[in-house]
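Notes follow once the structure below has been shown.
Remember, it's a predicted structure, so these values are computed and weren't measured experimentally. Per chain, numbering begins at 1; letters A, B, ... match sequence-line order.
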Amino acid sequence: MIPEKAYAELEKAIGADNVTREPAMLDSYSWQPFLNMSGELWVARPAAVVLPASTEEVQEVVRACNRNGLKLKALSTGWGAQGGASGDDTVLIDLRRMDRIIEIDEKNMYAVVEPYVCGGELQAECWKRGLNTHIVGAGPHASPLAGATSMHGCGNDSISMSTSSRNVLGVEWVLPSGEVLRLGSPGSGAGWFCGDGPGPSLRSIMRGTSGAFGGFGVFTKVALKLYHWPGPPTVESEGTVLDSTGELPECMSFFNCSFAGEQDSVEAMYRIGEAEIGCIQVRMVTSEFILLIMPHLFPKLVRKGGAILEFLNEAMASPFTILLAGNSPGELAYQEKVLHEIIRSCNGIAMDMSRIGPARRLMGMNLLRCTIFPTVFRFGNMFATNLDGNEALDTQNAWTHTMEGYKSAYVRAGGLIDDGGENPYMINYENNLYGHCETIYLYDHRNREHLESLEPLGFDTTLAAIEQCNVPLAAFEPVTRKLMSPLACDFNEWQKKISAAFDQNGVSDTRLYTDEEDPDYDRIDPAKLEKLKELQARFRGKERR
Amino acid sequence: MMSCVRCSSCKWIPFNQMKSARFAKNCPSIARHGFHSYSGSGRVNMGLSLLEGRSELTEKVSEVIYSCQMCGACDTHCKVYREVIDINDVLLELRAKCVEDGELLLEHMAVIDALKRENNMLGEPKAARGEWARGLGLKDVNTETVEVMFHAGCRFSYDRDLWPGVRGSVRLLQAAGFEVGTAGAEESCCGGRAYELGYRGEARNFFEDMLARVRSSGAKMLVTACADGYAAFKYLYPLEGVDLPVEVFHVTQVLERAVSGGRLRPGRLPCKVTYHDPCHLGRMGEPFLGRWEGDKRLRLRSMSRTGKNGVYQPPRSVLGSIPGLELVEMERIKQYAWCCGAGGGVIDAFPEYAAWTAAERLEEAACTGAEALVTSCPWCERAFLDAARETGSPMAVRDLNELLLEACGESEGGDP
Ligand SMILES: Cc1cc2nc3c(=O)[nH]c(=O)nc-3n(C[C@H](O)[C@H](O)[C@H](O)COP(=O)(O)OP(=O)(O)OC[C@H]3O[C@@H](n4cnc5c(N)ncnc54)[C@H](O)[C@@H]3O)c2cc1C
Ligand code: SF4
Ligand code: SF4
């Protein structure tokens, strides 16, 4: 229960209509089954939820929390458990009323947005101006500001528009103290064009690799780098994802590329990066497409021993989908020629899917706006991934196989749904030198056995990551962080110092940013525990040397 | 309810349809009130919390539940991706729970009291119900057998400003050669609104009353000009197991056929208009498809109400048949349309919020450059007329039937 005095101060700060402590309303913020790796479906019920409408109101809320010993956490669209409260002393700052696109500077190619602008609406506005914006893999639902400032940031279009961490320019930040700090050029009143000055350049402090997951004040405005859009101002499309009637714009085509061997596929990706072609590129295995669009058929295929799926996955091995976009038919023809040459030289074939009507209608707009993601929930009801790091393509590729080994063991034991295969989701950026790969696993969150698999699977993958010196992005979980940090330059000790310097009253809800928790050692298989100790000793020793 | 993954799709028009930031949102409730609990998803999440006994139904929660137009936009976007969640059904259940637990809104209680007393949603005298039709030469379905039984609905029956529209529909049907009858003062509410407010027992009485009247009329077609009534007959009645032994049409469907078959020949009417899809004629008017037993993940898409089978083309065809008339579309149309604000009892309990919702739509209409917003539901017309008056919007609000009648060079005969 939030103390009366604190509640009254919040009401005074932003108006009684914009504050609630009604239990059922708070619970609507606690239902967060997705990315909830604890196997719970609800996260903690917050002390209150507030709806500030401006930076000044955010400051007032932050100050009230400081005065009253409450914790705070901001959310933008709040898709996933990371947007929920960690305890009942946290005030959730729902930024829905801050939903303005403040500026789109066409000449300097950037947009300034507030937290509750979603990727879809920003993209729609950009297209009208011949510009485009990066959309994170979560889809057009998510807030570009959240991606840029607070959490991850890669997406299917990263091949051409990089990741959110690269695209963030100026930032307006309400610090945990309530003061406002402007990073980059807005810090010196010089406009929003640059993230690194003139003005303070604290990009790494602000978000590092993965962001602080709401544990480090509130971001109220951000400037985002925009890119050239070769398509039309609007793209007509109707229907559901599966009976979409949209057409691909002129001068665009997309290909499904598959290869004789996996190394060939990776080599092709490197070469595509070097050639600087491609607007969207995503790697998903063929069976995954069937699973997304035909969930009725899929279990039957799996029950039949998975032979058909295996055949498909082998016939179209190590595939990826790439969308090409040219400014003219000539440019598109050039890109297609380059693509074909690369694929041929890498022992692959490139199927022009845009010539197949249903595929073109299904995938066209869904690729361009990254709309298809929620279909992943169709088959299992819920999914999770071993949220992996951003590494060189080869490393990421190898990691997929490691993950697959663990996943299939859980599938066999009935702890996960059989999705017929590996199911990697991989995207590339920085001229395809880097990749981000997640292995997707499906489960039904109404099934206890499935929920109980999540923590042990998380532990197993953490062990594997330690063994392979791979830092998973899932290091935002307090247990993973505790296990990984000592082995990776004690990164969390540094994060805690940064956090303390900016947040002297400890007002931020830092569970997903710097907090550490021990795993439940009693529930861990002794052999795995042994292995953990052995790895810890091995790597700690190395570091000291 | 457990299948909600909190993706927030239900707060926006489908992303592939987004053409601007200004008209990207789809849910009036959350757009106006802000907290997640005011969205389709938030209500589903609250419902689960109540069901699991984590929280209680209070006055505030009931107010949140009723601050929703039952417009169905949330359900439509959720189903763009998945078949598992029927948000509309959850919203209906939550309202029924409010009634069951006595967490009622005073304004709705007054409406329901009046409904029980006078058989209509406006609390107007029963005896005056048929006055709108005076002079139209309609048959009396209570005593005569008719081909077409016309159901005017409560709003059209009593809202005099809207009489040209309802009288126009009858004139057009007659001009197209149909023999039309009504129940006059004996007509009563379809019960749809009461059902949506959660008063299922009361609604059921009206459903059965309607069934009896239809049966005794011997009519082959039941035609209504009210979108709410249409949705009730097509969806709520079969949902409750009430099977009307006639074909049910919205008047625009019949007029479309009359126009295309040459039975009505509209003349030139130069104007530039935009068309508002009433929710209850569109996505909420989709027919009942039967209950899906078992795991909804395996529900066939043909058994899923995705919104695309609403009545969208008939009104457009009718408008398209009028020479000189230019139809310019808004950004949010058909199953993606923004609500007029009146539905779900909002116009009764929260008139200011209803007017705000309608004003949003008037603004969208103005962006098309149209001189008039045309629609085909009396509740929408009332909401838009009120909002236009309050906001000073220059946008004219026209009933589709009235417009067609004018184009056909006919007159509805003036105020009876
Ligand atoms: C299905 C799915 C797929 C995903 N795939 C990808 C992917 O491919 N690539 C990728 O990069 N990410 C992915 N993600 C994670 C994604 O980056 C984030 O979910 C998304 O960017 C967050 O947007 P949101 O609006 O939902 O943010 P929220 O959930 O609101 O916030 C995300 C985090 O940032 C914090 N935060 C948000 N806004 C602010 C603010 N204004 N100030 C301070 N803190 C804030 C929140 O506390 C939270 O911890 C995926 C998520 C989902 C649900
Ligand atoms: S109700 Fe549907 S659209 Fe809305 S958040 Fe839940 S899953 Fe997403
Ligand atoms: S029915 Fe309409 S008003 Fe109600 S929650 Fe859904 S979209 Fe919002």
Could you check Arg316(B), Arg361(B), Arg283(B) and say which one makes a salt bridge (Lys or Arg N to Asp or Glu O under 4.0 Å) with Asp277(B)? Arg316(B)

Using the test side chain to side chain donor-acceptor pair (under 3.5 Å), find all partners of Asn88(B) that sit at least two apart in sequence or belong to another chain. none

Regarding Thr76(B) and Gln335(B), do their side chains bring together a donor and an acceptor under 3.5 Å, going by distance alone? no

Under a 4.5 Å heavy-atom cut-off, does chain B meet the side chain of Leu92(A), its backbone, both or neither? neither

Identify the residues of residues 120-131 of chain A whose heavy atoms come closer than 4.5 Å to a heavy atom of chain B, ordered by number, or report 'none'. Gly120(A), Glu121(A), Ala124(A), Glu125(A), Lys128(A)

Please classify the contact of Val235(A) with chain B as side chain, backbone, both or neither, using a heavy-atom distance under 4.5 Å. backbone

Tell me which of these, Ser9(B), Gly307(B), Ser39(B), Ser8(B), has more heavy-atom pairs under 4.5 Å with chain A than the rest. Ser9(B)

Within the 3.5 Å criterion, strictly below it, is a donor on His77(B) or Asn26(B) matched to an acceptor on the partner's side chain? no

At a 4.5 Å cut-off on heavy atoms, which part of Asp94(A) comes close to chain B: side chain, backbone, both, or neither? side chain

Tell me, out of Arg45(A), Arg97(A), Met382(A), who's got the most heavy-atom pairs with chain B below 4.5 Å. Arg45(A)

Answer yes or no: is there an ion pair linking Arg332(B) with Glu364(B), defined by an N-O contact shorter than 4.0 Å? yes

Name the region of Arg22(B), side chain, backbone, both or neither, that has any atom closer than 4.5 Å to a heavy atom of chain A. backbone

If we count only N and O atoms by modelled type, under 3.5 Å, do the side chains of Tyr66(B) and Glu107(B) hold a donor and an acceptor together? no

Between His450(A) and Asp444(A), is a side-chain hydrogen bond (donor to acceptor under 3.5 Å, both in side chains) present by the stated rule, with each step listed? CA-CA 7 Å; His450(A) 290 182; Asp444(A) 186 343; 5.9 Å; no

What I'd like to find out is whether the side chain of Val99(B) reaches to under 4.5 Å of the side chain of His108(B), using heavy atoms alone. no

Tell me whether Glu63(B) is salt-bridged to Lys60(B), with the criterion being a basic N under 4.0 Å from an acidic carboxylate O. yes

Side chain, backbone, both or neither: which part of Tyr336(B) has a non-hydrogen atom closer than 4.5 Å to chain A? side chain

Determine whether more than 12 heavy atoms belonging to other residues, nucleotides or ligands lie under 6.0 Å from atom NZ of Lys296(B). yes

So, Phe377(A) versus Tyr81(B), ring centres under 6.0 angstrom or not? no

Which bit of Cys118(A) is near chain B, if near means a heavy-atom gap under 4.5 Å: side chain, backbone, both or neither? both

Glu331(B) and Lys19(B) ion-paired at < 4.0 Å: no

Ranking Arg54(B), Gln17(B), Lys11(B) by heavy-atom pairs under 4.5 Å to chain A gives rank one to Arg54(B)

Most heavy-atom pairs under 4.5 Å with chain A, out of Gly34(B), Gly42(B), Gly47(B), belong to Gly34(B)

Can you pull out the residues in residues 18-34 of chain A with any heavy atom less than 4.5 Å from chain B? Asn18(A), Val19(A), Thr20(A), Glu22(A), Pro23(A), Ala24(A), Met25(A), Asp27(A), Ser28(A), Tyr29(A), Ser30(A), Trp31(A), Gln32(A), Pro33(A), Phe34(A)

Answer whether the closest heavy-atom distance between the side chains of Val346(B) and Cys68(B) falls below 4.5 Å. no

Chain A contacts, top residue of Ser3(B), Ala24(B), Ser41(B) (heavy-atom pairs, under 4.5 Å): Ser3(B)

Report the option among Ser49(B), Cys7(B), Ala31(B), Ser20(B) that has the most heavy-atom pairs separated by less than 4.5 Å from atoms of chain A. Cys7(B)

Would Glu238(A) and Arg361(A) pass as an ion pair if we require N to O under 4.0 Å? no

What part of Phe379(A) gets closer than 4.5 Å to chain B, counting heavy atoms only: side chain, backbone, both or neither? backbone

Could you check which of Leu48(B), Val61(B), Thr306(B), Val64(B) has the highest count of heavy-atom pairs closer than 4.5 Å to chain A? Leu48(B)

Show your working on side chain to side chain contact (heavy atoms under 4.5 Å, CB included) between Asp99(A) and Lys25(B) and close with a plain yes or no. CA-CA 11 Å; Asp99(A) 63 354; Lys25(B) 292 178 178 144; 2.5 Å; yes

For Ala96(B), all residues meeting side chain to side chain contact (heavy atoms under 4.5 Å, CB included), sequence neighbours excluded: Arg200(B)

